[in-house]
There are 2 protein chains.
Amino acid sequence: MPRAGLTPQTVVREAAVLADEVGHDRLTLAALAARLGVALPSLYKHVKGIDALYQKLSALATAEVAAELTRAAAGRAGGDALRAVAAAFRSYARRHPGRYPATQRAPDPADPEHLAAGEQAVGAIYAILRGYGLSGDAAVDATRMFRAAVHGFIALEAAGGFGLPRDVDRSFDQLVAGLDTAYRNWRS
Amino acid sequence: MPRAGLTPQTVVREAAVLADEVGHDRLTLAALAARLGVALPSLYKHVKGIDALYQKLSALATAEVAAELTRAAAGRAGGDALRAVAAAFRSYARRHPGRYPATQRAPDPADPEHLAAGEQAVGAIYAILRGYGLSGDAAVDATRMFRAAVHGFIALEAAGGFGLPRDVDRSFDQLVAGLDTAYRNWRS
DNA sequence: CCGTAAAGCTAATACTATTAGCTTTACGGG
DNA sequence: CCCGTAAAGCTAATAGTATTAGCTTTACGG
């Protein structure tokens with residue numbers, strides 16, 4: 001029997017694929033091991049346990065989100081940048097329903113790459129707000145508002161929390177428009 | 001041995017207390033049964049299973065939230081009402097960290113009380129927006145923005161997603177102020 | 001006061017993660 | 001070329017989760 005040749009990286013990457021397929025909460029070591037053609041306990045040679053796996057998945061997803069937000073913001077400013085980054089955020093969450101929730105887990109302070117990815121993602125938003133003349137505490141507050149509004153919308157949408165027939169895409173556009181007017185008329 | 005005398009209601013209420021103590025995700029039938037002084041399978045005489053328990057917990061928490069939002073809105077209008085209801089929302093989430101996440105689960109269409117509680121909670125927000133001159137589709141979008149922003153803030157706060165030292169209470173005040181200006185300058 | 005329905009129990013099944021300890025593979029140095 | 005060793009895989013065992021089946025006992029109403 002040839003060896004599977006796993007590494008921590010391949011395990012985490014396959015976990016990400018699996019999570020997107022079956023959902024973040026139904027990601028299980030048993031299913032992951034089966035997917036990788038290996039017995040369940042063998043995974044422990046590459047990952048400390050399921051909690052550590054979630055943490056690494058969080059780092060992976062955060063890095064991906066940061067990259068996409070940065071790319072969406074490139075070459076844009078003001079309301080254009082705001083709309084593009086918000087859309088990229090929601091797009092990632094919809095394309096990766098298993099990875100996205102992992103993003104919410106706070107980084108392990110001992111994982112510099114994870115911390116850096118988080119800072120890059122926040123930085124992409126922060127940069128947009130400079131275009132609105134916001135900096136210092138105001139920019140921090142405005143960044144938190146952006147993250148709260150966009151993440152909250154994604155979470156409610158995923159949970160089926162929008163019962164009424166009103167089109168959800170249009171509500172999202174209105175949300176981003178609302179952020180734009182809030183930022184243009186910010187009073188600290 | 002006297003009988004414990006459980007009912008579906010007492011089981012769900014104790015589940016709510018337990019969830020607030022140990023966290024929503026660590027609510028377990030074993031711990032609940034121990035708390036109620038009963039063997040684990042006995043719970044199945046009152047609740048269909050853990051999923052149904054979560055659903056009933058969601059109905060309970062939604063009704064409580066709706067009551068508190070309605071109470072906070074009473075006798076207020078405009079920005080005052082907005083601030084009071086947002087504060088009540090966040091206050092409930094912080095006082096009931098186990099119940100609150102259950103709120104996110106969509107109501108079972110076959111549970112009229114749950115549906116009514118959800119509508120009451122949304123109605124409390126909707127009513128405030130009439131004070132801003134918003135109705136129809138605009139009110140739906142604005143309600144979704146309110147829920148998204150406030151829930152998102154609560155979720156990020158609970159997850160430890162706000163790393164910077166900037167005071168979180170003040171950021172929340174700024175979020176609500178931002179909603180106020182967005183609503184005052186709404187363009188549909 | 002006794003029959004019955006419900007409320008509780010024990011036992012068993014099928015999952016989950018985790019640890020211990022063994023076997024085997026692959027690879028690098030003599 | 002071979003062989004020693006570290007890592008990669010395995011099986012077995014433990015402890016926790018939910019769930020179902022089927023039995024016993026309690027409480028209550030006719």
Side-chain angles (χ1 to χ4, degrees), chain A residues 1-61 97-99 101-102 104-105 108 110, chain B residues 1-61 97-99 101-102 104-105 108 110:
Chain A
M1 241 176 296
R3 197 161 279 198
L6 301 183
T7 68
Q9 220 189 28
T10 59
V11 170
V12 172
R13 295 188 68 83
E14 193 65 28
V17 174
L18 180 57
D20 281 342
E21 286 182 14
V22 304
H24 177 264
D25 44 331
R26 285 181 202 170
L27 170 61
T28 178
L29 290 181
L32 180 57
R35 181 73 82 91
L36 291 166
V38 111
L40 192 155
S42 304
L43 296 177
Y44 284 81
K45 288 287 150 94
H46 307 285
V47 168
K48 283 210 204 307
I50 195 159
D51 219 64
L53 179 64
Y54 278 126
Q55 196 68 40
K56 288 194 173 197
L57 187 57
S58 173
L60 172 71
R99 290 154 147 100
Q104 296 309 313
R105 184 167 297 229
D108 177 1
Chain B
M1 242 176 293
R3 199 162 276 200
L6 301 183
T7 68
Q9 221 190 27
T10 59
V11 170
V12 172
R13 295 188 69 82
E14 191 66 27
V17 174
L18 180 57
D20 282 341
E21 286 182 13
V22 304
H24 176 264
D25 44 332
R26 285 181 202 169
L27 170 59
T28 177
L29 291 182
L32 180 56
R35 180 73 81 91
L36 291 166
V38 110
L40 192 155
S42 304
L43 296 177
Y44 284 81
K45 289 288 149 98
H46 307 284
V47 167
K48 282 210 203 309
I50 195 158
D51 219 63
L53 178 64
Y54 278 126
Q55 197 67 41
K56 289 195 172 196
L57 187 58
S58 174
L60 171 72
R99 290 154 146 100
Q104 295 310 313
R105 183 168 298 228
D108 177 2

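Worth knowing before you read on, the calculation uses all heavy atoms, side chains too, and leaves out hydrogens, waters and symmetry mates. In what follows, every chain begins at residue 1, and chains take the letters A, B, ... in the order their sequences are listed. These numbers come from a predicted model, not from an experiment.
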Assigned partner base of [N], Watson-Crick or wobble definition, under 3.5 Å:
N       : result
dC1(D)  : dG30(C)
dC28(D) : dG3(C)
dT16(C) : dA15(D)
dG8(C)  : dC23(D)

Short N/O separations, protein against nucleotides 4-8 of chain C, under 3.5 angstrom:
| from | atom 1 | to | atom 2 | distance (Å) |
| --- | --- | --- | --- | --- |
| dA7(C) | O4' | Arg3(B) | NH1 | 2.7 |
| dA7(C) | N7 | Lys45(B) | NZ | 3.2 |
| dG8(C) | OP1 | Ala4(B) | N | 3.3 |
| dG8(C) | OP1 | Gly5(B) | N | 2.9 |
| dG8(C) | OP2 | His46(B) | NE2 | 2.6 |
| dG8(C) | N7 | Lys45(B) | NZ | 3.1 |
| dG8(C) | O6 | Lys45(B) | NZ | 2.7 |

Does a side-chain heavy-atom distance below 4.5 Å link [X] with [Y]?
X         : Y        : answer
Gln104(B) : His24(B) : no
Lys56(B)  : His46(B) : no
Leu53(A)  : Leu43(A) : no
Leu57(B)  : Leu27(B) : yes
Val11(A)  : Lys45(A) : no
Glu14(B)  : Leu6(B)  : no

Round to a whole Å and report the spacing from [atom1] of [X] to [atom2] of [N].
X        : N       : atom1 : atom2 : result
Ile50(B) : dT20(D) : CD1   : P     : 13 Å
Leu43(A) : dT19(C) : CG    : C1'   : 14 Å
Leu32(A) : dT16(C) : CG    : C1'   : 14 Å
Tyr44(A) : dC10(D) : OH    : P     : 14 Å
Leu27(B) : dA18(D) : CG    : C1'   : 13 Å
Arg26(B) : dG16(D) : CZ    : P     : 15 Å
Leu29(A) : dA17(C) : CG    : P     : 4 Å
Leu40(B) : dA12(C) : CG    : C1'   : 14 Å

**Item:** Among dA17(C), dA18(D), dA12(D), the nucleotide that comes nearest once only the side chain of Pro41(A) is considered
**Value:** dA12(D)
**Request:** Look at atom CD of Gln9(B) and say whether more than 12 heavy atoms of other residues, nucleotides or ligands are closer to it than 6.0 Å.
**Result:** no
**Message:** Looking at dG16(D), I'd like to know if its phosphate oxygens (OP1 or OP2) sit under 4.0 Å from a side-chain N or O belonging to Thr28(B).
**Reply:** no
